[in-house]
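Below is one structure, written out as structure tokens, with a few remarks after it.
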Amino acid sequence: MSADQPYAAAEVGEELRELNAAKGWHPAVAATSRDRGEGPFKRLVLRGATVIDGTGAPPWGPVDIVVEQDRIVALVNVGTPLKEINPARRPGPGDHEIDCHGKFVTPGFVDAHAHIGTPYHSMSGIVPPADYIYKLWLAHGVTTIREMGSINGLGWNLQQKEAAEKNEIAAPRIVTHAYFPAVNDRVKTIHTPDQAREWVRKIKARGADGIKFFGAPPAIMQAALDEARIEGLRTGCHHAQMAVTRVNSLKSAQWGLTSSEHYYGLPEALFENRVVQNFPTDYNYGDEYFRFALAGQTFMQAAQPGSAKWREVMDAFLEAGHTFVPTFNIYDANRDLMRARRADWHDDYTWKAVWKYFQPQRGGHGAYWYRWSTTNEIEWKQNYRLWMQFINEYKNLGGRVCAGSDSGFIFQIYGFGFVRELELLQEAGFHPLEVLRAATSLSASLLGLEDDTGAVDVGKRADLLVHDQNPLEDFKLLYGTGAMRLNDSNGKVEWQRSLRYTIKAGMVYDTDELLADVRDMVRGSWDGDPEGPPHAR
């Protein structure tokens with residue numbers, strides 16, 4: 001490698017890993033074995049469930065669900081609500097059974113924007129092991145993730161993907177997107193359209209499922225998207241501020257981009273009296289406070305709801321068949337920093353180095369709380385109102401919107417952040433059934449897995465969740481900490497949770513066991529630290 005291009009010789013898909021390694025930042029310790037989960041069983045029967053199937057259909061039941069190995073083979077309507085079930089109507093016994101009378105069964109969740117940790121946490125200590133992240137996901141019902149960017153390296157992710165598919169580790173299914181190295185402020189090894197096409201072909205040959213863009217010069221990005229189409233690779237883009245004036249989300253959608261991540265590039269597509277947002281003259285993208293404070297102003301500088309430009313852009317996205325993965329939760333702290341910092345789960349579930357990384361620090365991505373103000377929060381609240389209105393209208397007009405969390409940054413923790421995303425989709429105007437649809441069948445479709453998972457149906461993989469309570473009534477019941485409730489019979493506060501079992505490819509996981517494992521890991525991460533965990537200060 002030359003001094004001028006120190007990463008030019010990196011194997012495709014390893015560019016970010018090599019850059020981080022040069023800084024002394026390394027991936028999480030990969031999972032190597034499985035200490036939780038039972039199955040898959042020759043015949044697993046879930047008895048008497050109320051099914052919410054993930055397609056948007058309302059609940060129905062009671063239903064007996066029969067699973068053989070990793071497949072749903074029968075859904076049998078066994079009676080009428082509130083009436084005694086006739087045993088003669090029920091399918092025969094299984095090798096393992098779960099009593100679901102009075103319980104609810106949904107599809108497993110698909111986190112459409114996820115990261116298996118980040119080497120950046122090395123800035124603040126030892127990064128959490130992959131087991132910590134996987135168990136948090138499974139404990140919150142996430143049975144499939146789309147790893148967006150393969151920051152740990154494509155080879156690392158492909159190895160973990162294979163181990164997860166074989167149930168050798170306790171982890172969700174992993175769909176892997178590789179980082180496209182074509183922007184100067186990250187890693188840039190691609191400088192021509194021909195190089196872009198060659199890189200895409202090599203990524204496909206290595207086994208990647210897709211590509212994560214942060215933008216690129218137009219000719220290069222257009223070539224890469226065209227080659228991805230030829231190779232059958234799906235694509236997503238965080239339209240970063242350093243590239244968005246050249247390629248906004250609408251332009252890339254019209255070039256064949258599968259999904260826009262977050263919201264960057266959308267307000268820029270809605271600009272009608274400017275091309276560049278109103279940056280102050282002392283702005284510096286390398287200053288994270290500037291980056292995120294100003295990012296909260298973009299929708300207020302764009303065409304407003306109901307305007308001709310708003311409708312024109314909406315129609316163009318619909319015509320392109322584009323998908324939005326808004327990840328509302330990852331910027332939630334911008335609206336109310338105190339709430340995000342003191343969330344119920346940090347004390348017991350936030351790994352030491354992750355917690356310390358979240359604190360204000362120069363050079364830490366998303367650790368930009370140098371002078372966060374009331375004005376910043378008000379601007380971000382208005383930004384959300386406009387952003388959510390666009391996303392809700394897009395959904396209402398038939399556009400695909402999916403649930404993704406991007407956890408590991410900005411006070412959002414794996415699993416917990418995904419549940420928060422469900423809450424925020426409901427805030428945006430989604431009916432709870434529409435929220436569930438975004439988090440299951442639609443996200444599976446985005447990943448190209450709609451024939452295999454994402455709904456409770458015969459022939460689908462047995463990615464199922466068993467809930468003690470109806471999650472549609474309150475998504476807070478899905479948090480690992482539960483939701484606070486007052487027991488009027490004794491006057492005491494209770495923390496109630498709905499999710500009892502996560503079933504991934506026929507493998508049954510007890511969520512209580514997973515959460516206990518995570519709490520033990522987190523306590524261990526703080527051993528010997530005089531500051532102690534967040535609740536100690």
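Given the structure is predicted, the values throughout are model-derived calculations rather than measurements.
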Check: After noting the C-alpha distance and the side-chain angles of Ile151 and Lys212, does the key distance pass the side chain to side chain contact (heavy atoms under 4.5 Å, CB included) rule?
Finding: CA-CA 10 Å; Ile151 303 173; Lys212 164 74 175 293; over 6 Å; no

Any ion pair linking [Y] and [X] (charged N to carboxylate O, less than 4.0 Å)?
X	Y	value
Glu288	Arg291	yes
Asp468	Arg500	yes
Asp344	Lys476	no
Glu377	Arg335	no
Arg342	Asp347	yes
Asp53	Lys460	no

Considering all heavy atoms, the nearest [X]-[Y] contact:
X	Y	result
Ile133	Gly117	CD1-N, 3.2 Å
Val67	Ala462	CG1-CB, 3.5 Å
Leu446	Ala112	CD2-CB, 4.0 Å
Leu433	Ala57	CD2-O, 3.5 Å
Phe104	Pro471	CB-CD, 4.3 Å

Note to self: Could you go through Arg36 and Asp131, starting from their C-alpha distance and side-chain angles, then the distance that decides it, and tell me whether this counts as salt bridge (charged side-chain N to carboxylate O under 4.0 Å, His left out)?
What the structure shows: CA-CA 11 Å; Arg36 295 295 183 192; Asp131 273 331; over 6 Å; no

Sidechain-backbone polar pair: [X] side chain, [Y] backbone, donor-acceptor under 3.5 Å:
X	Y	answer
Thr481	Trp345	no
Asp209	Thr176	yes
His177	His113	no
His115	Met148	yes
Tyr132	Asp517	no
Asp64	Gly48	yes

Check: Thr453 and Asp463: side chain to side chain donor-acceptor pair (under 3.5 Å), yes or no, with the steps?
Finding: CA-CA 7 Å; Thr453 192; Asp463 294 334; 2.7 Å; yes

How far does [atom1] of [X] sit from [atom2] of [Y], to the nearest 0.5 angstrom?
X	Y	atom1	atom2	value
Glu168	Glu162	CD	CD	7.0 Å
Arg461	Thr143	CZ	OG1	7.0 Å
Leu515	Asp520	CG	CG	11.0 Å
Thr502	Leu514	OG1	CG	7.0 Å
Asn329	Glu423	CG	CD	10.0 Å

More than 12 non-hydrogen atoms from neighbouring residues, nucleotides or ligands closer than 6.0 Å to [atom1] on [X], yes or no?
X	atom1	answer
Ile126	CD1	no
Arg146	CZ	yes
Lys381	NZ	yes

Indicate, with yes or no, if the rings of [X] and [Y] have centres closer together than 6.0 Å.
X	Y	result
Trp369	Phe358	no
Tyr394	His322	no
Trp380	Phe292	no

Side chains of [X] and [Y]: do they bring a donor and an acceptor to under 3.5 Å?
X	Y	result
Gln496	Ser498	no
Glu38	Tyr501	no
Thr323	Arg400	yes
Asp406	Thr327	no
Tyr134	Gln160	yes

Notebook entry, point to check: Can a cation-pi geometry be assigned to Arg420 and Phe328, taking NZ or CZ under 6.0 Å from the six-membered ring centre and within 45° of the ring axis?
Noted result: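 No, a cation-pi geometry is absent between Arg420 and Phe328.
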
Notebook entry, point to check: How are the rings of Tyr263 and Trp387 set to each other: parallel, tilted or perpendicular (split at 30° and 60°)?
Noted result: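 Answer is tilted, since the angle falls between 30° and 60°.
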
Next item on the list: Could you label the plane-to-plane angle of the Trp372 and Tyr289 rings as parallel, tilted or perpendicular, counting under 30° as parallel and over 60° as perpendicular?
Entry: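 Perpendicular: the ring planes of Trp372 and Tyr289 meet at over 60°.
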
Margin query: As a test of understanding, state which of Phe475, Phe418, Phe416 forms a ring pair (Phe, Tyr, Trp, His ring centres under 6.0 Å) with His140.
Written below: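 Only one of Phe475, Phe418, Phe416 forms a ring pair (Phe, Tyr, Trp, His ring centres under 6.0 Å) with His140, namely Phe416.
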
Checklist line | Sole candidate of Leu436, Val419, Thr144 that passes side-chain contact (heavy atoms from CB on, under 4.5 Å) when paired with Phe109 | finding: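 One option only clears the test, and that one is Leu436.
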
Note to self: Using the rule given for salt bridge (charged side-chain N to carboxylate O under 4.0 Å, His left out), can you reason through Lys42 versus Asp95, listing the C-alpha separation, both sets of side-chain angles and the distance that settles it, and then say yes or no?
What the structure shows: CA-CA 7 Å; Lys42 183 177 180 181; Asp95 302 290; over 6 Å; no

Item checked: Test side chain to side chain contact (heavy atoms under 4.5 Å, CB included) applied to Ala516 - qualifying residues, sequence neighbours left out ->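 Listed in chain order: Arg519.
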
Next item on the list: Could you give me the CA-CA distance, side-chain angles and deciding distance for Arg341 and Asp336, then say whether salt bridge (charged side-chain N to carboxylate O under 4.0 Å, His left out) is met?
Entry: CA-CA 9 Å; Arg341 286 189 71 253; Asp336 188 345; over 6 Å; no

Notebook entry, point to check: Stepwise, does the side chain to side chain contact (heavy atoms under 4.5 Å, CB included) test hold for Leu46 with Lys103?
Noted result: CA-CA 10 Å; Leu46 282 61; Lys103 300 183 188 298; over 6 Å; no

